[in-house]
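These notes concern the structure reproduced below.
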Amino acid sequence: MLQFQWVPEFETGIDVVDSQHKRIFEYLLEVDRAIRLQDPDVVKQIARSLIDYSISHNAFEETLMERASYPILAAHSKVHEAFRNRALAYDQRLENGEDCFKVAKEVRSDIGLWLTNHIQRDDKDYVPYVRKSIEGGFVSRMKKRFFA
């Protein structure tokens with residue numbers, strides 16, 4: 001089984017995004033543990049949590065990109081949409097009673113591979129836009145005003 005773990009090369013430098021990416025890696029480990037325990041209810045629950053969290057994370061990223069006027073948001077959104085459709089298909093397979101251990105292994109591999117590739121290829125591209133947007137935002141201005 002492929003091992004997925006957070007490494008410094010995955011850091012975007014945007015704390016909230018990095019913490020969400022790290023949480024997805026934690027879910028990948030939780031899926032491994034659940035599979036080893038051989039408890040179908042736990043496996044289904046963790047696999048579904050991984051799917052839901054990953055989809056929500058992508059929506060959050062898109063909000064950041066939109067606020068930052070990221071010029072290729074539409075293309076990035078299409079990548080997220082394809083991922084969402086694949087992830088929801090796994091969820092449907094679990095709902096339909098397919099072997100949850102088999103589906104969970106596929107979910108883990110698919111999301112793990114997708115995430116590692118997506119962070120390094122696609123996400124790194126939006127970082128300068130989002131960082132500039134965050135740095136010029138309200139919170140940043142208030143920090144400078146009160147703590148500078």
Side-chain angles (χ1 to χ4, degrees), residues 1-140:
M1 199 180 303
L2 287 170
Q3 291 300 314
F4 297 105
Q5 77 181 58
W6 179 264
V7 292
E9 294 84 58
F10 295 145
E11 289 181 11
T12 64
I14 301 168
D15 292 341
V16 66
V17 171
D18 289 339
S19 67
Q20 289 177 7
H21 286 161
K22 287 175 185 175
R23 181 63 186 118
I24 295 170
F25 278 91
E26 289 169 11
Y27 271 122
L28 296 171
L29 293 173
E30 289 176 33
V31 169
D32 281 343
R33 282 194 285 283
I35 290 169
R36 282 195 303 274
L37 291 174
Q38 291 293 298
D39 183 332
D41 293 330
V42 173
V43 167
K44 283 186 229 179
Q45 184 257 320
I46 303 245
R48 284 198 159 125
S49 294
L50 170 60
I51 290 166
D52 291 344
Y53 191 89
S54 299
I55 290 170
S56 296
H57 163 71
N58 286 346
F60 176 78
E61 273 188 353
E62 287 182 33
T63 301
L64 290 178
M65 288 183 269
E66 186 176 347
R67 292 175 84 194
S69 301
Y70 180 54
I72 55 174
L73 172 60
H76 201 112
S77 294
K78 285 183 182 178
V79 171
H80 283 173
E81 183 64 24
F83 170 85
R84 182 178 181 277
N85 291 337
R86 253 188 6 257
L88 290 174
Y90 287 122
D91 191 57
Q92 189 60 54
R93 288 170 59 193
L94 288 169
E95 183 68 29
N96 292 342
E98 195 171 321
D99 178 356
C100 64
F101 297 103
K102 178 181 183 242
V103 175
K105 286 176 186 174
E106 290 177 34
V107 164
R108 184 197 162 283
S109 294
D110 191 13
I111 291 179
L113 287 170
W114 185 86
L115 179 65
T116 55
N117 290 324
H118 186 70
I119 290 171
Q120 293 179 306
R121 282 195 328 252
D122 301 320
D123 285 357
K124 297 279 182 165
D125 191 59
Y126 74 68
V127 167
Y129 297 91
V130 170
R131 284 181 92 170
K132 183 178 177 188
S133 171
I134 290 172
E135 288 165 5
F138 174 76
V139 173
S140 179

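Everything numeric here is computed off the predicted structure, so don't read it as measured data.
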Fill in: Neighbour count above 12 (heavy atom, 6.0 Å) for E66 CD
no

Response to the item:
Distance col, row F4:CZ vs I111:CD1, nearest 0.5 angstrom, shows 10.0 Å

Worksheet item: Given side chains that start at C-beta, do those of R48 and E95 come closer than 4.5 Å, heavy atoms only?
Response: yes

Item to complete: Establish, yes or no, whether the cationic atom of R86 lies under 6.0 Å from the six-membered ring centre of Y90 and within 45° of the ring axis.
Response: no

Practice prompt. Find the distance between CD1 (I51) and CG (D91) and round it off to the nearest 0.5 Å.
Written response: 5.0 Å

Discussion item. H21 and side-chain hydrogen bond (donor to acceptor under 3.5 Å, both in side chains): which single residue from E61, H118, E26 fits?
Written reply: E61

Worksheet item: For atom CD of Q5, is the number of surrounding heavy atoms from other residues, nucleotides or ligands below 6.0 Å larger than 12?
Response: no

Worksheet entry | Y27 versus S49, closest heavy-atom pair with distance | CE2-CB, 3.4 Å

Item to complete: Say whether, by atom type as modelled, one donor and one acceptor occur between the side chain of S133 and the main chain of Y129 under 3.5 angstrom.
Response: no

Practice prompt. Rounded to the nearest 0.5 Å, what's the gap from CZ on R23 to CG on L28? Could you check?
Written response: 10.0 Å

Item to complete: Kindly indicate, with the supporting measurements, whether the criterion side-chain contact (heavy atoms from CB on, under 4.5 Å) is fulfilled by L94 and V43.
Response: CA-CA 10 Å; L94 288 169; V43 167; 5.9 Å; no

Worksheet item: CG/D122 to CG/N58 distance, rounded to the nearest 0.5 angstrom?
Response: 10.0 Å

Practice prompt. Report the C-alpha distance between V107 and V31 in whole Å, list the side-chain angles of each, state the deciding distance to 0.1 Å, and finish with yes or no for side-chain contact (heavy atoms from CB on, under 4.5 Å).
Written response: CA-CA 9 Å; V107 164; V31 169; 5.7 Å; no

Practice prompt. Check the side chains of N96 and Q92 for a donor-acceptor pair under 3.5 angstrom, ignoring hydrogens and angles.
Written response: yes

Worksheet item: In terms of side-chain geometry, is the basic nitrogen of K124 or E9 positioned less than 4.0 Å from the acidic oxygen of its partner?
Response: no

Discussion item. Taking side chain to side chain contact (heavy atoms under 4.5 Å, CB included) as the definition, give me every residue that meets it alongside S77, ordered by chain and number, with sequence neighbours left out.
Written reply: E62, L73

Discussion item. Between K78 and E81 (salt bridge meaning N to carboxylate O under 4.0 Å), is one present in this structure?
Written reply: no

Worksheet item: What is the minimum heavy-atom distance between F10 and F25, and which atoms define it?
Response: CE1-CZ, 3.4 Å

Discussion item. Please check this pair: side chain of D110 against backbone of E106, looking for a donor-acceptor N/O pair closer than 3.5 Å.
Written reply: no

Worksheet item: About how many Å separate OG1 of T116 and CD1 of I24, when rounded to the nearest 0.5 Å?
Response: 11.5 Å

Discussion item. One pair to check against side-chain contact (heavy atoms from CB on, under 4.5 Å): D99 and R93. What are the steps and the verdict?
Written reply: CA-CA 8 Å; D99 178 356; R93 288 170 59 193; over 6 Å; no

Fill in: Nearest-0.5 Å distance that lies between atom NZ in K102 and atom CD1 in I35
13.0 Å

Worksheet item: Nearest heavy-atom pair of D41 and D39: which atoms, and what distance?
Response: N-OD1, 3.0 Å

